[in-house]
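Here the structure comes first, spelled out in structure tokens, and everything after it is commentary.
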Amino acid sequence: MEKQHIFLIGFMGTGKSTVAGELSRRLEIGQIEMDDEIVKEQGMSINDIFEKYGEAHFRGLESDLLAGLAEKEQMVVSCGGGVVTRSENVECMKKCGRIVLLTARPETVYHRVKDNEERPILKNNMTIEFISGLMEKRRTAYESAADILIETDEKSVLQICEEIMHKMKFSRIRQ
């Protein structure tokens, strides 16, 4: 039987981690936080990985982690915000699951992440303008990867999970 992971993608601060936890609980399946898993495997923070080895190395670690998920039981996967920047990552996710894009307005993202210092991409760039520009730069990659799109602004985690589960029942994976 084909495994159907649920991959939550989207810009940082759109609710991937929070939604993954609740969705995992409601569906009674496992959950993995890609960033947390990489931190555990590497024994250093995301910031330290970026500083010591660079973004390309980190993106490679994401690709390796995704490839390993193909052999695991169904789970909810909270992906790092930049996972879609590599086409091989998108191909891997599409082969073994559905991709759910969580979106939020730049102002919402800013308010959710402004006090978090574990965002290397936003280091010294914690502004709505920068966030908006980076979101727009990634928008096409996010949207073309997604099987399902969910806006998270002004919704509770429960509302978002209900919407995901409803849309998953009525959508098919795009070929």
Do you know which two heavy atoms are closest between [X] and [Y], and how far apart they sit?
X	Y	value
I46	D35	CD1-O, 3.9 Å
V19	V157	CA-CG1, 4.2 Å
M165	L23	CG-CD1, 3.8 Å
S78	A20	CB-CB, 3.9 Å
L101	A146	CB-CB, 3.6 Å

Exercise. Parallel, tilted or perpendicular: which fits the ring planes of H5 and F7, with parallel below 30° and perpendicular above 60°?
Worked result: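 It falls in the perpendicular class, over 60°.
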
Problem set entry | Lys/Arg-Asp/Glu bridge criterion (N-O < 4.0 Å) met for E162, R26 |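 R26 and E162: salt-bridged.
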
Exercise. Is K94 paired with D147 through a side-chain N to carboxylate O contact shorter than 4.0 Å?
Worked result: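 Yes.
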
I'd like to know if the side chain of [X] and the backbone of [Y] have a donor-acceptor N/O pair within less than 3.5 Å.
X	Y	answer
S144	A141	yes
N89	V84	no
T108	A104	no
Q31	V76	no
Y142	G81	yes
K167	L149	yes
Q159	S156	yes
K16	F11	yes

For this session: List in chain and number order the residues that pass side-chain contact (heavy atoms from CB on, under 4.5 Å) with S87, two or more places apart in sequence or in another chain; answer none if no residue qualifies.
Result: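 With neighbours one apart ignored, the set is E91.
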
Exercise. Side chains of R112 and T152: do they bring a donor and an acceptor to under 3.5 Å?
Worked result: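 Their side chains do contain a donor-acceptor pair, which is all the 3.5 Å distance test asks for.
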
Exercise. Between the side chains of E33 and S17, does any donor sit under 3.5 Å from an acceptor?
Worked result: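 Side chains of E33 and S17: pair found under 3.5 Å.
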
For this session: Step through the shown structure and confirm whether more than 12 heavy atoms of other residues, nucleotides or ligands are within 6.0 Å of CD on E37.
Result: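 More than 12 within 6.0 Å, yes.
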
